[in-house]
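Report on the structure given below.
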Amino acid sequence: MSDLEIQAGLAGAAARRRSGRRIAGRIGVTEVLAAVFALFLLVATLAPGLVAPGDPLAIDPRSAFQAPSWAHWFGTDESGRDVYTRVSHGTLSSLQIGVAATLIGLGFGAVLGTVAGMLGSVVDFTVNRLLEVMFAFPGLLLALLFIMVFGPGPATATLAVGLATAPGYARIIRAQLVSVRSSAFVEAATVLGRSRARILLRHILPNTLAPLLVLGTLGIGQAIIWAAALSYLGLGAKPPAAEWGAMLSAGRTYLSTAVWMSFFPGLFVVLTAISATVLGRAVERRLRHA
Amino acid sequence: MSGARVTGGGGTGPIPTGTGSTGTDPGTLSGTVPRADAAKPRRGPALLVRGLSVGFGGVPGTNPLIDDVSFEVAPGECLAIVGESGSGKSLTARSLLGLAGAGSWLHADELSLGGASVLGLGEAGWRRRRGRDVGLVLQDALVSLDPLRPIGREIGDALRLHTSLSAGARARRVLELLAEVGLPDGELRAGQRSGQLSGGQRQRALIAAAIALRPPLLIADEPTTALDVTVQARILDLFEELLRAGTALVLISHDLAVVSRIADRVAVMSGGRIVETGATRALLADPQHAETKRMIAAVPAGRPRGTRLSAQDRPHRPEPEIDPAVLTAIVSGSVPATAPTSVSAAAGRVVLEASGLVKSFRMPNRSRLLAVNDVSFTLDRGTTLGIVGESGSGKTTLARLLLALEPPDAGEVRVLGEAWSGVPERARRPRRAALGAVYQDALASFDPRLTAGAILRDVVGSADQSVELLDRVGLAASVLGRRPLELSGGQRQRLGIARALANRPQILICDEPVSALDMTVQAQVLDLLDELQRDLGLSLVFISHDLGVVQHVSDRIVVIENGSVVESGGTGPVFAAPAHPYTRRLLDAVPRLPTP
Amino acid sequence: SPPAAENTAPVSGGTLTYASGDAEPTCLDPHVGGNYPQALVGTQFLESLVSRDSAGTIIPWLASSWTQSADGLAWDFTLRDTVTFTDGTPFDAAAVQANLAHVQDPKTGSSTGYLAVRKVVSTTVVSPTVVRLTLSEPDSALLESLSQPWLAMESPKALARSQDENCAAPVGTGPFEVASWVKQDAITLVRNDAYSSPPADAAHSGPAYLDSIVWRFIPDSASRYAALQSGAVDAIDNAQPDTIVQAEKSGSIRHLDAPRPGASNRIELNSSRAPFNDPLVREAFIRASDVDSAVSSLFQGTATRSFSALSSIEPLGVSRPDLFGYDPTAAGTLLDSAGWTGRDSAGYRTKDGVRLSVVFPVSTNQSIPAEQSLFEQVQATAKTVGFDVVLSPLDLSAWYTALGSNAYDAVSAPYTKVGPDVLRTLFDSAGIVPAPSGYFANHAQVNDPEVDAWLTEASQTADATRRAALYAQAQNRVLEGFYVLPLYDQQNHYLLSSVVSGTRAMPTVSTPTFYDAWLNR
Amino acid sequence: MRLVPGDPAEAVLGGPGSQTSPEALAAVRAQYGLDQPIVTQYLAELGRLATGDLGRSYALRVPVAPLLLGQLGGTLLLAVLSLLLAWLFAIGLALFSTRAGRWGRMLGSGLEIGAAALPHFWLASALIVVFSSWLGLLPPVSTPGPAGLVLPVLTLAIPLAGFLGQVMRESMLTALEAPFVVSARARGESEAGIRRVHVLRHASLPGISLSGWAFGSLISGAVVVETIFARPGLGRTLLNAVTVRDVPVVIGVVLFVAAAYILMTLLTDLAQRIADPRLRRA
Ligand SMILES: Nc1ncnc2c1ncn2[C@@H]1O[C@H](COP(=O)(O)OP(=O)(O)OP(=O)(O)O)[C@@H](O)[C@H]1O
Ligand SMILES: Nc1ncnc2c1ncn2[C@@H]1O[C@H](COP(=O)(O)OP(=O)(O)OP(=O)(O)O)[C@@H](O)[C@H]1O
Ligand SMILES: [Mg+2]
Ligand SMILES: [Mg+2]
């Protein structure tokens, strides 16, 4: 089990139950809010200047440690930098880490899972044991190990989180593949005289990989939290980079006198994770009833 | 409608306060049949329903799913409610206990149990009556017992809730109940959980739980549908005993044969209304309403090959012709001598041959299970071979061997005279077109991502041909753009047949093609298969556990028990004079409409 | 600022909980390795031969007096004769001999202490109460070195145990002794009831007031301060500037500001490679850095700007405010004349197509958060002039490696040592040659024979005036050469709950001592 | 494990404000065999591990096995308490949100999704600010009494409760719609009785099977929580060891956690068997 497998399971369960209530198509308030926030993040990623025109690195020692106000929505930090500007501009690097880690996790997971599910039982057995062994180490531990070997930094943190999440993806994909491979419609295709390659390409792979979009959306939230945790522990992105985890870590020093410095970056991590979950479930529901 | 309104009859509504078990004398419950006579002295019917309407959501009173239904049941009487799937039978049953479901509304002019009105009862009031004044056996028997609790507890629940009996006394009563419903070894059974019981045993445990307090009224929703004929017969015996003891019974079923055996009166439901009521025999012999006629016509049991079971044209629903002679035949269960001969007369050449097929599976405890044991038969061109047997007897495994989805451990399958099993898939692939398959679970047999059009185009290559095929199976071209999930059960099965036909096969293997369908749709599909066989000269292997269906469609029949063939031969002779005790047992258990 | 005068008389008893933000020592014996966390806790149970008063004068402690031979090569220390270690072993000349031998034994793995007594070639027991140190060359810093906690005296009997045992519970003569050490959790110190050897500047004599001290490690500064606020601990170190300001306002928490001796905190500019091999560029960088604004905004008045290579508590420090003013215009002119006239697309200066980059590895273990922020501000102000300051936060060993491979242009490394002799460590060209480990101390890579000669002479002369003049000469040369950008004194702030009275920092290396402390709960 | 730049000998001697002498470094290298070729070091390490010897910590100068045994207790206590509390929260939330109306249900599921998205480090800060700095109710660090456990346990339990709560609510809703529940209602069972007798047990099954995962995630969380709340334990030891590249300790922690994880999985299996009789057959 991994956070991801639980998330995926929940998304599936919720979608299944909702279908019975015939409100699958309805878009709830939560989904709208999540989408709005995701839109904000998208703009902040592509054109941060649109949501926050300032320079995230511009210092102004005279206006350091200012509490949130109209001039500085999220307050200012120890060097007088505007926290809102930094959080907005930090979206790119924070999401980059989350997205890249998720892609790495998905990629490795898809390859491992497919290999395990496709090839003979010997390989499957081996890969399965391997995944189980990897699971004996909680994700963050795995990431820490990786960082110890390759040294800290944003790149290794990304890779570490990606690798740490890969077993989760691999197991879901393998399970999906096994169930698709033994499904009635694949047998039906055999009875119709389809070739193995054609069955693989036309039926098995598309049906196996279809959940990847949902998985990725669900996984991104957790990946961002993990990456932020690594930055927080000083093993990921480093200040003055406007990355959320690094900002949080820097802001924690001033926790007792300038709460806003760590509150807002953390809030963005939380909101991102929440909206990823909500949107992931909405996508799952859509796909299931498309 | 002036009736009282009960909202949120299901579990999630507010629970009014003020409970308290009144009027229950534990003393009278300690006997073997504590309330057997308690119901008799009561005046009036055990159940009286007048102008009942039930619906969900929206404005109460609009879009009812149950519309102005009225009936009554006297003590010791059995009323059967029949009707097609979705007509509102189960909803009616649940509404009688105030369990219509979350978000439901209910109107009735009168609704009373044992002469006492239950309209306007609060949740607490309902709780006092449920299980004591009325028992309910749910439709989904296999999952209606908590899999985590011993059945003894489940059965004892009503006693725990409504009496002040001690745990020991309850346990003793549970043992009595188990014995009553025909589950011997009560002490052992009471400790088992539903997962450790067979379907029939579960159904009986469920009935025991419902009658624990001897409620004057028992409502049983499709109590035999999921069961083998042999088990079904035993359950009906149990009901008859209860009726004799004075219990009023509302039996819900779509199976007219079952109904005819035990019901005193029948109410036919359609679209949420009761369209016809009457004494069982009279109603079956002389159906008035079109729906009733259609239902009777759809019964395949005892209907000769080639007889139409369904109406030609669904939208107008003209009444299918019921020749009085045929009706007599149905009712007596014999195949009339005048049965039209099938195309089998023109047949003769063997297209499919199984010889000495053996297949075994390794069980978790390392022993081997012989699923198919030395099965041999031949299928002649243009004929239908029926394969029957109880659940788990190896029918599906046999079908998979025929389709070469699995290699046999021993024996051989030959198709059109050439070796079929034991050759590499590569060699078989070009010849696969000769063999089509129709599955019980049509939905699962389609790639969920593909539309009906894509599914057919995958096989035939062109859109025109797809439309032609659809036409052949009686589907409109409009379904082409839809995914399997968006089709009805009957449409899915037709699409499955269309796909099977696309390769122009000579042989069609059908594994339970109609068991998931309701009677009316089943009739249409059976008619379609019959028609296709006639037009295209198809040879069919027809697998089913439903003897009635097999009897109707087959020229020859193979009966298997535990993987072995116990009897085979022409359908008529086998049904008329079964040689093997197992076949006899199967046939004896099939309920039949009584002779008028 | 020492705690406000107490009106009430000291009370005996109670347990004080101290929370340190420094790393937990790996060994409690400061002879082994030798770092500040060891000094902090060691101060509570170990004592040195001499101490230093707040004016910087060396005062007696375990040694009651000392004499130096005319050639400066032999020192005789007369020891207090009533002192015993907490394991009952008497403190005598043989004990001193054993201690120096322990420090100089390579198997001990001493770093700080080892370097401080490098010139000591032998130790002789003259009498039970007189010990003689023989030096290879005169050492004017010897007394200052011996005052440091890394050369504290331990029981020879205890030193004879295995290193593991001695690391877990070193035995000294101090007011407390180590009762237990649960790794990763806390060290428990209990009172030495037989204590009799306070330094000359202590506030009382006899045993300490506190029954015991629980010495905890709380690396997270926010948790540490919150723990103090909530009363879970009574004293913390490494207090953040903002919390100091808040605490000073609160009234329930007192602030003990005790800058460390030795070098001031400074940015050292690597003069061995471009661009800082050009004095003009070094000066330009210094002029381009707005340190004043940064210090006042980040330290909020808890630190004062330094213009010296030495800590403000070093009497021989030379302060040159004239050299280190913020003047971006002058910086620009300097860069122009140094040939850095081009600008690239990002706005940084270039010369021959090469960007004016300053690689600045920052040790996350050694630089407090406010200091890292200060570097960020220096980065931002220097950018306006055209410097591309590349800050790379590194953990300790990666940081050492970056320095060892000469892959840096600017660096900031603290160096704590009693006395001005630290200048020799930092600016003598001998310090450029990396040790086999890659470690070296002359990060600015000052390679000036005159400076070498002045510092060597200063370290040997017994003439105090001559010594002061030589150190001043050397400091002026280094400061005028713009090799370093002084920032402020090495920060060392303690916050104490108001229930704690009588705590002071030792004037040696500014570690707190709880000998005079008592609790008023 | 020697790809990182930096010399482990520095890790042994390093520390804030330390000054290392070449002699000391040489001594340390010899002591830990770091002067040997890397292959030799690896072989030696493997040889040691094979004989069950976890070696000595570079940085802490103690044998790894007793060190970690000493740290295990604190982490286990934290993990077990957090797991229990998370269970309580999850059951409470699930019960609440399946009983409440539409808004209560939305609130419940919102709380659960939100809780599951809370990073430990942020939650810990928030709890410290509110309960220690503002209200002064609870100490932010471990104390001799149980008070010091409250915040760390809350920090670990809340996000976990978010996950468990969602899973339990899903299975509770499924169970509440199950035919056997309708059957129980038809026998006259009350809503409270239905939850007590039928639903809770079904809802807890997936929760139990998740406990192995939960334990792993608690160990991950312990890295952050033990550091922030200054608690002794494996997580803090691991983080320290990683930052100074104390290889023997890291390997030791990994082995310990793997062992604890396997034990936990076995316990989970056992608990599942006890709770779900369907698993007892075969
Ligand atoms: N809880 C509910 N909410 C909304 N609609 C419902 C609910 N329960 C039943 N219905 C609808 O009421 C109608 C009658 O359903 P019911 O289950 O009574 O049919 P049935 O006659 O028992 O069919 P079957 O033979 O398939 O069991 C159906 O259209 C069904 O979709
Ligand atoms: N792949 C398999 N592995 C192990 N046992 C199997 C497998 N497939 C079928 N069996 C077993 O073989 C026996 C026959 O199964 P089969 O599915 O053929 O029965 P069936 O007659 O089709 O039953 P039903 O009417 O319930 O569909 C059963 O006991 C079943 O459990
Ligand atoms: Mg029904
Ligand atoms: Mg079957």
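Note that the structure is a prediction, hence the values are computed from the model and not measured. Order of the sequence lines sets the chain letters (A, B, ...), proteins ahead of strands, with each chain counted from 1.
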Any chance you could measure Y326(C), atom OH, to I286(C), atom CD1, to the nearest 0.5 Å?
14.5 Å
Quick check for you: to the nearest 0.5 Å, what is the distance between S373(C) atom OG and E371(C) atom CD?
10.0 Å
For [X], is it the side chain, the backbone, both or neither that has a heavy atom under 4.5 Å from a heavy atom of chain A?
X	answer
D290(C)	neither
Q246(C)	side chain
S293(C)	both
S296(C)	neither

Just by modelled atom types, is the A246(A) backbone N or O under 3.5 Å from a matching donor or acceptor in the E243(A) side chain?
yes
Donor-acceptor check, side chain of S249(A) to backbone of G245(A), threshold 3.5 angstrom: yes or no?
no
